[in-house]
Amino acid sequence: LLNMGEARPPTWKVWMLASRPHTLTASISPVLVGYALSITSMSQAPTVDVDVDVDIKTTFVPHSSILDITLQFAMFCMLIQLGTNLHNDYADF
């Protein structure tokens, strides 16, 4: 508990400490590894000539699209991590 002589910390500082931003690397690391693996596997994929009428637009995913999906998923993972940290602090008290 706070002593009567101690000042109460600002609200933003309490939220910052409760969110534990140093744990966000645990949520971003798997996303970055998945991105690296997807780019590597795309560059090493063999090219095959097929005589079947295939719509290339639906089978080819450009690198920029993968980057967009990766950034969205990284944001999702960080928000889940922040929510989990806040819930954990709430449940402790």
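Annotation: side chain to side chain donor-acceptor pair (under 3.5 Å) contacts involving residues 11-22, sequence neighbours excluded, comprise Arg20-Asp89. The salt bridge (charged side-chain N to carboxylate O under 4.0 Å, His left out) pairs that include a residue from residues 24-40 number zero, where partners must be two or more places apart or lie in different chains. For residues 28-40, the set of pairs meeting the salt bridge (charged side-chain N to carboxylate O under 4.0 Å, His left out) definition, not counting sequence neighbours, is empty. Note on residues 73-83: no pairs pass salt bridge (charged side-chain N to carboxylate O under 4.0 Å, His left out), not counting sequence neighbours. For the salt bridge (charged side-chain N to carboxylate O under 4.0 Å, His left out) condition, no pair includes a residue of residues 70-84, sequence neighbours left out.
Under the 4.5 Å side-chain heavy-atom criterion for grouping Ile, Leu, Val, Met, Phe, Trp and Tyr, Leu82 is connected to Leu32 within one hydrophobic cluster. Residues Leu24 and Met75 are members of one and the same hydrophobic cluster, defined by side-chain heavy-atom contacts under 4.5 angstrom among Ile, Leu, Val, Met, Phe, Trp and Tyr.
The structure places OG1 of Thr23 at 9.5 Å from CD1 of Ile28, a figure rounded to the nearest 0.5 Å.
When hydrophobic residues (I, L, V, M, F, W, Y) are linked wherever their side-chain heavy atoms come within less than 4.5 Å, the members clustered with Val31 are Phe73, Phe76, Ile80. Hydrophobic cluster of Leu37: the remaining members, joined at side-chain heavy-atom separations below 4.5 Å, are Val33, listed by chain and number.
For Leu71, the side-chain contact (heavy atoms from CB on, under 4.5 Å) criterion is met by Leu67, not counting sequence neighbours.
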